[in-house]
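All values reported here derive from a predicted model rather than from experimental measurement.
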Amino acid sequence: MMENSDWMSKLPPHLHTVPLFNLAIPGSHDSMSFDLDVNSSIVEPDQLRRFSRFCCVRKLMFRWGTTQEVNIKEQLDAGVRYLDLRIARKPKDPDPNRLYFYHGLYTRSDVETVFRDINEWAELHRKEVLILSVSHFKGFDKLAATLHNYLIHFIKTLFGPKLLLKTDKPILKTCWDQGRNVIVSYDHPAYQQSALWNKIQYYYGDSMERRVIVSRLSQVLEKEKPSNCFFVCGLNMTLPSDRRILKYILRICDSFPSVVRRSLPKLLQWVQQQNRNTPFNIVASDVVTRSGFVPTVVRLNGKPLKG
């Protein structure tokens with residue numbers, strides 16, 4: 001995985017002045033789901049929250065909510081440059097400002113610890129530009145203003161001069177010249193400012209079927225793709241929200257990562273074919289260290305990598 005840890009710095013010179021909107025960038029979907037706490041209460045879906053006290057239900061949520069298999073540092077070392085970070089507050093946490101990530105369950109690690117790890121990695125890899133998508137803010141409720149202001153202040157203080165301010169044409173050369181290699185997208189319209197980028201549109205198939213995912217993303221790329229801004233095409237599968245979910249989660253010997261691993265190679269074949277006509281920007285996936293996902297996406301920029 002380490003051969004991709006500095007892939008941006010190895011891109012050919014003509015790509016150093018191409019807008020980041022026009023580069024192919026590997027990303028991870030639900031980036032913190034490797035860290036889910038099987039002992040936490042259930043955050044979502046709402047209809048299962050009342051079953052939090054049952055260990056068997058939490059274990060089921062863990063098996064089908066885990067979309068990543070390696071930690072953030074390993075994802076970044078593998079070449080991932082976009083992180084999907086979904087924030088939540090535990091309702092009875094005695095620390096009013098402590099926040100976690102979530103995907104069905106809460107994570108074990110808190111937001112501050114993980115962001116410090118990201119900052120440390122960014123410090124060691126100054127030519128690699130990281131795009132952090134901060135979103136969802138589950139459980140903020142009546143404390144919303146206080147928590148948003150606290151989190152934004154923490155982000156700005158932690159990353160400081162590494163933060164790339166909003167610009168119409170972010171390019172690698174400018175990032176390198178200014179020593180800025182962290183972009184934070186904050187998905188809340190009430191808390192926009194120059195240090196934080198607006199919401200990055202995330203397109204996905206909303207299905208467990210590969211053909212549906214391909215059809216939806218093809219439509220996006222051919223008819224709906226925004227210009228002059230970041231956008232994400234998520235290869236990730238999505239479990240049904242109705243009783244059809246039982247078709248998957250009652251498979252005793254199966255798990256979400258296993259389902260994804262079976263489909264990812266063919267999805268990546270489609271990505272390579274589709275990119276010839278309608279180029280991608282950020283491509284996000286589950287299990288990002290599998291099936292040559294990162295090198296396949298990076299190669300879309302014309303730079304061959306091993307993998």
Side-chain angles (χ1 to χ4, degrees), residues 1-13 15-18 20 23-35 68-85 87 99 101 107-134 151-165 167 170-186 195-197 200 230 282-285 287-290 292-299 301 303-307:
M1 292 193 295
M2 292 295 290
E3 67 264 20
N4 301 333
S5 61
D6 292 287
W7 66 265
M8 282 182 162
S9 68
K10 298 174 183 174
L11 288 173
L15 294 179
H16 298 176
T17 52
V18 169
L20 293 173
L23 290 182
I25 299 172
S28 63
H29 166 249
D30 271 307
S31 306
M32 281 298 299
S33 63
F34 67 90
D35 189 54
Q68 300 300 339
E69 302 169 301
V70 301
N71 66 36
I72 291 294
K73 181 181 181 298
E74 291 172 302
Q75 291 179 38
L76 295 173
D77 282 342
V80 166
R81 295 294 173 265
Y82 166 91
L83 298 176
D84 172 20
L85 303 169
I87 311 289
L99 301 170
F101 304 94
T107 55
R108 294 170 296 171
S109 303
D110 63 80
V111 166
E112 289 190 10
T113 299
V114 173
F115 274 35
R116 287 191 183 100
D117 288 343
I118 294 171
N119 183 57
E120 185 178 298
W121 195 94
E123 187 73 41
L124 295 172
H125 302 264
R126 297 308 294 261
K127 285 196 164 186
E128 302 301 302
V129 179
L130 308 185
I131 304 167
L132 314 181
S133 175
V134 181
L151 178 56
I152 290 169
H153 180 264
F154 176 78
I155 288 170
K156 291 168 68 174
T157 303
L158 176 67
F159 294 112
K162 286 195 286 294
L163 282 176
L164 181 69
L165 306 183
T167 173
I171 62 174
L172 287 173
K173 186 178 185 305
T174 301
C175 292
W176 297 345
D177 290 347
Q178 296 179 0
R180 299 179 183 272
N181 66 332
V182 178
I183 291 171
V184 176
S185 157
Y186 202 85
L196 304 175
W197 292 59
I200 296 175
F230 291 112
I282 299 166
V283 183
S285 179
V287 297
V288 291
T289 55
R290 300 282 186 163
F293 165 70
V294 169
T296 297
V297 175
V298 173
R299 281 193 201 102
N301 296 306
K303 174 70 175 178
L305 287 179
K306 295 178 182 178

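In this pair, His16 and Trp176 present their aromatic rings perpendicular. The plane angle is above 60°, beyond the 30 to 60° band.
Interatomic distance, NZ of Lys127 versus NZ of Lys173, reported as 10.5 Å (0.5 Å rounding). Put simply, CG on Leu130 and CG on Leu76 are 5.5 Å apart, with the number rounded to the nearest 0.5 Å. Rounding to the nearest 0.5 Å gives a distance of 6.0 Å between CZ of Phe115 and CG of Leu151. Taking CD1 from Ile72 and CG from Leu83, the interatomic distance works out to 4.5 Å, rounded to the nearest 0.5 Å. In this structure, OG in Ser5 is found 13.0 Å from CD in Glu74, a value given to the nearest 0.5 Å. The distance from the CG atom of Leu85 to the OG1 atom of Thr107 is 10.0 Å, given to the nearest 0.5 Å.
Across Leu23 and Leu172, no two heavy atoms sit closer than the pair CD1-CD1, 4.2 Å. Minimum interatomic distance between Leu163 and Arg180 (heavy atoms only, all atoms of both residues): O-NH1, 2.6 Å. The two residues Trp197 and Pro170 make their nearest non-hydrogen contact at CH2-CG, 3.8 Å. Between Arg81 and Asn4, the shortest heavy-atom contact is NH2-O, 3.6 Å. Taking both residues in full, the closest heavy atoms of Ser109 and Phe101 are given as O-CD1, 4.2 Å, listed atom of the first, atom of the second, then distance. Nearest heavy-atom pair, Phe293 versus Ala284, reported as atom, atom and distance to 0.1 Å: CZ-C, 4.2 Å.
For Asn119 (side chain) and Phe159 (main-chain N/O), no donor-acceptor pair under 3.5 Å exists by modelled atom type. Judged by distance alone, the side chain of Glu128 and the main-chain N or O of Ser9 form a donor-acceptor pair under 3.5 Å. Using modelled atom types, one side-chain atom of Ser31 and one backbone atom of Asp84 make a donor-acceptor pair closer than 3.5 Å. The closest donor-acceptor contact from the side chain of Gln68 to the backbone of Met32 lies at 3.5 Å or more, if one exists at all. With hydrogens and angles disregarded, a donor-acceptor distance shorter than 3.5 Å links the side chain of Asn181 to the backbone of His125.
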**OP:** Run the numbers on Thr296 and Val283 for side chain to side chain contact (heavy atoms under 4.5 Å, CB included), then give the verdict.
**Re:** CA-CA 10 Å; Thr296 297; Val283 183; over 6 Å; no
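The only option from Ile155, Leu132, Leu158, Leu164 that meets the side chain to side chain contact (heavy atoms under 4.5 Å, CB included) definition with Val182 turns out to be Leu132.
Salt-bridge check for Glu112 with Arg116: passed, with a basic side-chain N closer than 4.0 Å to an acidic carboxylate O. The pair Asp6-Lys10 fails the salt-bridge criterion, with no side-chain N (NZ, NE, NH1 or NH2) lying under 4.0 Å from an Asp/Glu carboxylate O. Taking the charged nitrogens against the carboxylate oxygens, Glu120 and Lys73 have no contact shorter than 4.0 Å, which rules out a salt bridge.
When side chains are defined from C-beta on, Asp35 does not count as touching Asn71, because their heavy atoms never get closer than 4.5 Å. Using a 4.5 Å cut-off on side-chain heavy atoms (C-beta onward), Ser133 and Phe230 make no contact.
Side-chain polar atoms of Gln75 and Ser28 form a donor-acceptor pair below 3.5 angstrom.
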